[in-house]
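Below is one structure, written out as C-alpha coordinates; the observations come after it.
Index from 1, following the sequence.
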Amino acid sequence: MKASIFRRQTFNAAHRLNNPAWDNETNKRVFGLCNNPHYHGHNYVVIAKITGDIDPETGYVMDAKILKDLIEEEVIEPFDHRNLNLDIPEFQKLNPTAENIVMVIWNKLRARLENRFELIVTLYETENNYVEYTGQK
(Lines give C-alpha, C1' and ligand atoms only; values in the text may rest on other atoms or scores of the structure.)
Protein backbone atom coordinates (compact mmCIF):
# COMPACT_ATOMS: atom_id res chain seq x y z
CA MET A 1 0.00 0.00 0.00
CA LYS A 2 1.33 3.41 -0.96
CA ALA A 3 0.82 6.52 1.11
CA SER A 4 2.34 9.99 1.24
CA ILE A 5 3.98 11.95 4.04
CA PHE A 6 4.27 15.73 3.88
CA ARG A 7 6.67 18.05 5.69
CA ARG A 8 6.24 21.84 5.71
CA GLN A 9 9.11 24.12 6.73
CA THR A 10 9.93 27.79 6.24
CA PHE A 11 12.94 29.91 5.40
CA ASN A 12 13.56 33.58 4.71
CA ALA A 13 15.80 34.66 1.86
CA ALA A 14 16.54 37.58 -0.44
CA HIS A 15 16.96 37.45 -4.19
CA ARG A 16 16.95 39.50 -7.35
CA LEU A 17 15.51 38.34 -10.66
CA ASN A 18 17.85 39.45 -13.40
CA ASN A 19 19.09 38.17 -16.74
CA PRO A 20 22.66 39.44 -17.23
CA ALA A 21 22.31 39.01 -21.00
CA TRP A 22 19.59 41.70 -21.06
CA ASP A 23 19.89 45.45 -20.64
CA ASN A 24 18.52 47.20 -17.53
CA GLU A 25 15.31 48.31 -19.23
CA THR A 26 14.44 44.80 -20.41
CA ASN A 27 15.14 43.37 -16.94
CA LYS A 28 12.94 46.03 -15.33
CA ARG A 29 10.14 45.43 -17.84
CA VAL A 30 10.17 41.64 -17.46
CA PHE A 31 10.89 41.28 -13.73
CA GLY A 32 9.44 44.55 -12.38
CA LEU A 33 9.97 45.08 -8.66
CA CYS A 34 11.71 41.70 -8.44
CA ASN A 35 14.61 43.26 -10.39
CA ASN A 36 15.47 45.66 -7.55
CA PRO A 37 19.29 46.00 -7.61
CA HIS A 38 19.24 46.03 -3.79
CA TYR A 39 17.37 42.69 -3.74
CA HIS A 40 14.13 41.88 -1.92
CA GLY A 41 13.06 39.11 0.43
CA HIS A 42 10.41 36.45 0.88
CA ASN A 43 9.20 34.23 3.67
CA TYR A 44 9.27 30.98 1.73
CA VAL A 45 7.30 27.86 2.63
CA VAL A 46 8.63 24.57 1.31
CA ILE A 47 6.55 21.39 1.38
CA ALA A 48 8.10 18.04 0.58
CA LYS A 49 5.77 15.18 -0.34
CA ILE A 50 7.26 11.70 -0.09
CA THR A 51 5.25 8.79 -1.51
CA GLY A 52 6.13 5.17 -0.97
CA ASP A 53 5.05 1.87 0.43
CA ILE A 54 4.05 1.67 4.07
CA ASP A 55 6.65 -0.32 5.95
CA PRO A 56 4.82 -3.23 7.62
CA GLU A 57 7.22 -3.20 10.58
CA THR A 58 7.10 0.53 11.43
CA GLY A 59 3.83 1.58 9.85
CA TYR A 60 5.72 4.52 8.28
CA VAL A 61 6.33 5.50 4.68
CA MET A 62 9.28 7.41 6.12
CA ASP A 63 10.09 8.54 9.63
CA ALA A 64 8.96 12.20 9.82
CA LYS A 65 12.04 13.09 11.88
CA ILE A 66 14.31 11.86 9.09
CA LEU A 67 12.42 13.98 6.56
CA LYS A 68 12.56 17.02 8.88
CA ASP A 69 16.32 16.62 9.35
CA LEU A 70 16.87 16.18 5.61
CA ILE A 71 15.03 19.43 4.80
CA GLU A 72 16.89 21.23 7.60
CA GLU A 73 20.27 20.10 6.24
CA GLU A 74 19.65 20.57 2.52
CA VAL A 75 17.34 23.61 2.48
CA ILE A 76 16.93 25.51 5.73
CA GLU A 77 20.55 25.65 6.90
CA PRO A 78 22.00 26.74 3.53
CA PHE A 79 19.13 29.05 2.38
CA ASP A 80 17.68 30.66 5.52
CA HIS A 81 18.56 34.35 5.95
CA ARG A 82 20.77 34.28 2.86
CA ASN A 83 20.93 36.18 -0.39
CA LEU A 84 20.22 33.45 -2.93
CA ASN A 85 22.04 35.26 -5.75
CA LEU A 86 25.21 35.86 -3.75
CA ASP A 87 25.38 33.07 -1.18
CA ILE A 88 24.05 29.95 -2.89
CA PRO A 89 26.36 28.38 -5.51
CA GLU A 90 23.48 27.00 -7.60
CA PHE A 91 22.23 30.54 -8.23
CA GLN A 92 25.52 32.07 -9.30
CA LYS A 93 24.43 31.50 -12.91
CA LEU A 94 20.80 30.44 -12.46
CA ASN A 95 18.12 33.11 -12.04
CA PRO A 96 16.52 32.44 -8.61
CA THR A 97 12.90 32.40 -9.75
CA ALA A 98 10.49 30.32 -7.68
CA GLU A 99 10.60 27.72 -10.48
CA ASN A 100 14.39 27.46 -10.31
CA ILE A 101 14.49 27.50 -6.50
CA VAL A 102 12.02 24.60 -6.25
CA MET A 103 14.02 22.65 -8.86
CA VAL A 104 17.25 23.16 -6.89
CA ILE A 105 15.53 22.07 -3.67
CA TRP A 106 14.07 19.00 -5.37
CA ASN A 107 17.52 18.00 -6.71
CA LYS A 108 19.13 18.41 -3.28
CA LEU A 109 16.46 16.29 -1.57
CA ARG A 110 16.26 13.69 -4.34
CA ALA A 111 20.00 13.06 -4.07
CA ARG A 112 19.55 12.05 -0.42
CA LEU A 113 16.44 9.85 -0.80
CA GLU A 114 16.25 6.17 -1.58
CA ASN A 115 14.99 5.44 -5.12
CA ARG A 116 11.89 3.72 -3.72
CA PHE A 117 10.46 7.10 -2.74
CA GLU A 118 8.64 9.48 -5.08
CA LEU A 119 9.25 13.17 -4.36
CA ILE A 120 7.23 16.29 -5.10
CA VAL A 121 8.31 19.68 -3.75
CA THR A 122 6.02 22.70 -3.47
CA LEU A 123 7.44 26.16 -2.79
CA TYR A 124 5.33 29.12 -1.70
CA GLU A 125 6.98 32.43 -2.51
CA THR A 126 3.96 34.36 -1.24
CA GLU A 127 0.65 33.32 0.24
CA ASN A 128 -0.86 33.33 -3.26
CA ASN A 129 2.08 32.37 -5.51
CA TYR A 130 3.59 28.92 -5.42
CA VAL A 131 5.23 26.37 -7.68
CA GLU A 132 5.50 22.59 -7.67
CA TYR A 133 8.28 20.42 -9.07
CA THR A 134 8.10 16.68 -9.69
CA GLY A 135 11.38 16.11 -11.46
CA GLN A 136 9.60 14.94 -14.59
CA LYS A 137 10.75 16.20 -17.96
Requested in this report: Flag yes if Val46 and Trp106 sit in one hydrophobic cluster, no otherwise; membership is Ile, Leu, Val, Met, Phe, Trp, Tyr, and two members link when side-chain heavy atoms are under 4.5 Å apart.
Outcome: yes

Query raised in the report: Nearest heavy-atom pair of Pro96 and Leu17: which atoms, and what distance?
Result: O-CD2, 3.4 Å

Requested in this report: Check whether any side-chain heavy atom of Asp55 sits under 4.5 Å from a side-chain heavy atom of Val61, and report yes or no.
Outcome: no

Query raised in the report: In terms of hydrophobic clusters joined by side-chain contacts under 4.5 Å, are Val121 and Tyr124 together?
Result: no

Report summary line: CD1 of Ile71 to CD1 of Ile105, rounded to nearest 0.5 Å, is 9.0 Å

Requested in this report: Please determine if Glu118 and Lys49 form a salt bridge, counting it only when a charged side-chain N lies under 4.0 Å from a carboxylate O.
Outcome: no

Query raised in the report: Any side-chain heavy atom of Arg16 within less than 4.5 Å of one from Cys34?
Result: no

Query raised in the report: Which atom pair, heavy atoms only, marks the closest approach of Asn115 to Arg110?
Result: CA-NH2, 3.7 Å

Report summary line: Interatomic distance, CD@Glu127 vs CG@Asn129, rounded to 0.5 Å, equals 10.0 Å

**Report entry** From CA spacing to verdict: side-chain contact (heavy atoms from CB on, under 4.5 Å), Asp69, Leu67
**Finding:** CA-CA 5 Å; Asp69 291 347; Leu67 180 55; over 6 Å; no

Requested in this report: Using side-chain contact (heavy atoms from CB on, under 4.5 Å) as the criterion, list what pairs up with Asp87, not counting sequence neighbours.
Outcome: Arg82, Asn83

Query raised in the report: Can you list the steps and then say if Glu132 with Ile120 is a side-chain contact (heavy atoms from CB on, under 4.5 Å)?
Result: CA-CA 7 Å; Glu132 180 180 88; Ile120 296 174; 3.4 Å; yes

Report summary line: All heavy atoms of Ile66 vs all of Met62, minimum pair found to be CG2-CE, 3.8 Å

Query raised in the report: With side chains defined as the heavy atoms from C-beta onward, is the minimum distance between Leu113 and Ile50 less than 4.5 Å?
Result: yes

Query - Min side-chain heavy-atom separation Val75-Glu77 under 4.5 Å - result: no

**Report entry** Phe31 and Trp22 aromatic ring geometry - parallel, tilted or perpendicular at 30°/60° bounds
**Finding:** parallel

Requested in this report: Taking the side chain as every heavy atom from C-beta outward, state whether Leu94 and Met103 have any pair of such atoms under 4.5 Å apart.
Outcome: yes

**Report entry** Inter- and intrachain pairs under ring-ring contact (aromatic ring centres under 6.0 Å, His included), touching residues 51-93, at least two apart
**Finding:** Phe11-Phe79

Query raised in the report: Measuring from Asn35:CG to Asn24:CG, what's the distance to the nearest 0.5 Å?
Result: 7.0 Å

Requested in this report: Check whether any side-chain heavy atom of Asn27 lies under 4.5 Å from a side-chain heavy atom of Asp23, and answer yes or no.
Outcome: no

Requested in this report: Give a yes or no on whether Ile5 and Ile54 share a hydrophobic cluster (residues Ile, Leu, Val, Met, Phe, Trp, Tyr; joining criterion: side-chain heavy atoms under 4.5 Å apart).
Outcome: yes

Query raised in the report: Are side-chain heavy atoms of Asn19 and Val30 found at a separation under 4.5 Å?
Result: no

Query raised in the report: Has Lys93 got more than 12 heavy atoms of other residues, nucleotides or ligands less than 6.0 Å from its NZ?
Result: no

Query raised in the report: Does the distance from a Lys or Arg side-chain N to an Asp or Glu carboxylate O, for Arg112 and Glu73, drop under 4.0 Å?
Result: yes

Query - Interatomic distance, Ile101 atom CD1 to Leu123 atom CG [nearest 0.5 angstrom] - result: 6.0 Å

Query raised in the report: Which distance, rounded to the nearest 0.5 Å, do you find between the CD1 of Ile88 and the NE2 of His15?
Result: 13.0 Å

Query raised in the report: In Å, rounded to the nearest 0.5 Å, how long is the span from CD of Glu25 to CZ of Arg29?
Result: 9.0 Å

Query - Proximity of His42 and His40 rings by center, below 6.0 Å - result: yes

Report task. Could you walk me through whether Arg8 and Thr10 pass the side-chain contact (heavy atoms from CB on, under 4.5 Å) test, one step at a time? Result -> CA-CA 7 Å; Arg8 176 190 181 277; Thr10 62; 4.0 Å; yes

Query raised in the report: Are Phe6 and Leu119 connected in the hydrophobic side-chain network, where two residues link if heavy atoms are under 4.5 Å apart?
Result: no

Query raised in the report: Are side-chain heavy atoms of Glu125 and Tyr130 found at a separation under 4.5 Å?
Result: no

Query raised in the report: Among the clusters formed by ILVMFWY side chains lying less than 4.5 Å apart, do Tyr44 and Leu70 turn up in the same one?
Result: yes

